[in-house]
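Heads up, the thing below is written out as structure tokens.
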Protein chains: 2
Amino acid sequence: MIRLSTKGRYGTRLMVSLAQHYHNRRESIILKKISDEEEISIRYLEQIIIPLKIARLVKSIRGAGGGYILARDPSNIKLREILLALEGACCLVECVDDEDYCDRIKECATYEIWKNASSLLKDYFENTTLQDLVEIADKKNPSVRK
Amino acid sequence: MIRLSTKGRYGTRLMVSLAQHYHNRRESIILKKISDEEEISIRYLEQIIIPLKIARLVKSIRGAGGGYILARDPSNIKLREILLALEGACCLVECVDDEDYCDRIKECATYEIWKNASSLLKDYFENTTLQDLVEIADKKNPSVRK
DNA sequence: AGAATTCTTATAAATTTATGTTGAAAAATA
DNA sequence: TATTTTTCAACATAAATTTATAAGAATTCT
Ligand code: FES
Ligand code: FES
């Protein structure tokens, strides 16, 4: 029930990859590498990273030796920011964020429910940072040194 | 961020409508009426109600004077059951419910996050009944007597 | 100049969303 | 019981969106 789009999923994994590489030397990473590691089409990654760039969560460096790099420290990037950039502001149903979307809000009983449920997610994602994700990854794969 | 499909939204509103009509005489309701009240295409409602019927949440009565009616008392139908019937068992990402869906669960850091977030929603919807929704609707529209 | 990499645009496949058309089953009625 | 009405059921189709891939241009480094 209720689906996170592939954009949101792949984009988050992309950000985790960038964060995992962030600690040593802060070198930029090329998408090709992430594409290989995460087994996601590079063409699709190119589309997905655009909104992340627009939201100033990643910086791009063009040309040879270029690539992508996080714009801030992973501990300073909230999961909510990532999903906001990738999926837009809509929470479960559009009317939660855009009161003009449905013209039935005044009568609609489900509105309150979707709104509450959206808040649960929002709060959870607000309190999860990219650093938390990196730590989970490290715990799951203690041997991997990227 | 993260979207509930129209199937889930309209289907839930459909169930609320049925619940609102359930109290008096338990008469069956024709889809046309719900279509008019909720401004949803009747053809689309016909598609949406099929999984609800399969899940035995509603019963259909054919022929003249027929229509649809809730299979159980609204206080005995959980929102989670409704969404499960409409959207399937997948919670945010498929791998949460189907461990074979992704073959990266062992390494994937985001898995735990989507799983926790899914649990938040699941618990909320598990503890919300159709009766709760009807009461919200009544509170919002005290004058309406259907 | 040449290689590496992002950036841009195009396009195709799959899925979701929504409507239309026709037919079959059940109940009411005469 | 035959007829008619009401309603669900099934199938087909079209538009919109999401998902994914392809090809080439632009930029930067060496
Ligand atoms: S779904 Fe938007 S107001 Fe009910
Ligand atoms: S999204 Fe399924 S394991 Fe990471």
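Letters A, B, ... are given to chains in the order of the sequence lines, protein chains preceding strands, and every chain is numbered from 1. Below, each value reflects all heavy atoms present in this structure, side chains not excepted, and no hydrogens, waters or symmetry copies.
For B:Y68, counting side-chain heavy atoms from C-beta on, the closest listed nucleotide (D:dC8, D:dA20, C:dT6) is D:dC8.
Atoms CD1 (B:I2) and P (D:dT18) sit 15 Å apart, rounded to a whole Å. To the nearest angstrom, P of D:dT19 lies 10 Å from CD of B:E94. Atom-to-atom, CD of B:E87 to P of C:dT15 comes out at 16 Å; the value is rounded to the nearest Å. Look at CG on A:L45: it is 13 Å from P on C:dC7, rounded to the nearest Å. Look at CD1 on B:I30: it is 19 Å from P on C:dA26, rounded to the nearest Å. Whole-Å rounding puts the A:Y44 OH to C:dA14 P distance at 15 Å. As rounded to whole Å, 19 Å separates atom P of D:dT17 from atom NZ of B:K7. In this structure, A:I42 atom CD1 and D:dT19 atom C1' are separated by 17 Å, rounded to whole Å.
At the phosphate of C:dT17, OP1 or OP2 sits under 4.0 Å from a side-chain N or O atom of B:T6. OP1 and OP2 of D:dC8 both lie 4.0 Å or more from every side-chain N or O belonging to B:K32. Side-chain N/O atoms of B:S41 include none lying less than 4.0 angstrom from OP1 or OP2 on C:dA18.
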Please report, to 0.1 Å, the donor-acceptor pairs under 3.5 Å made by any side chain of residues 128-136 of chain A, with sequence neighbours excluded.
| from | atom 1 | to | atom 2 | distance (Å) |
| --- | --- | --- | --- | --- |
| A:T128 | OG1 | A:Y124 | O | 2.8 |
| A:T129 | OG1 | A:Q131 | N | 3.2 |
| A:T129 | OG1 | A:D132 | N | 3.2 |
| A:T129 | OG1 | A:D132 | OD2 | 3.4 |
| A:Q131 | NE2 | A:E135 | OE2 | 3.0 |
| A:D132 | OD2 | A:T129 | N | 2.9 |

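Partners of A:E107 according to the side-chain contact (heavy atoms from CB on, under 4.5 Å) rule, which considers only residues two or more places apart in sequence or in another chain, are A:R104, B:N141. Remark: B:D123 pairs with no residue by the salt bridge (Lys or Arg N to Asp or Glu O under 4.0 Å) rule, at least two apart or across chains.
With a 4.5 Å cut-off between side-chain heavy atoms of Ile, Leu, Val, Met, Phe, Trp and Tyr, the cluster of A:Y101 takes in none.
Looking at heavy-atom distances under 4.0 Å, B:K59 makes no contact with the nucleic acid at all. Residue-level contact check: A:I50 touches neither bases nor backbone, having no heavy atom under 4.0 Å from any strand.
Of all non-hydrogen atoms in A:S28 and A:G65, the two that sit nearest each other are OG-O, 3.6 Å.
Residue pairs satisfying the ring-ring contact (aromatic ring centres under 6.0 Å, His included) criterion with at least one member in residues 51-72 of chain B, sequence neighbours excluded, are absent.
Taking the side chain as every heavy atom from C-beta outward, B:K32 and B:D36 approach each other to under 4.5 Å.
Below the 3.5 angstrom threshold, one finds a donor paired with an acceptor across the side chain of B:Q47 and the base of C:dT19.
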Given protein heavy atoms under 4.0 Å, the one-letter contact record of nucleotides 23-30 of chain D, with B base, S sugar-phosphate only and - none, is simply BB-BBBB-
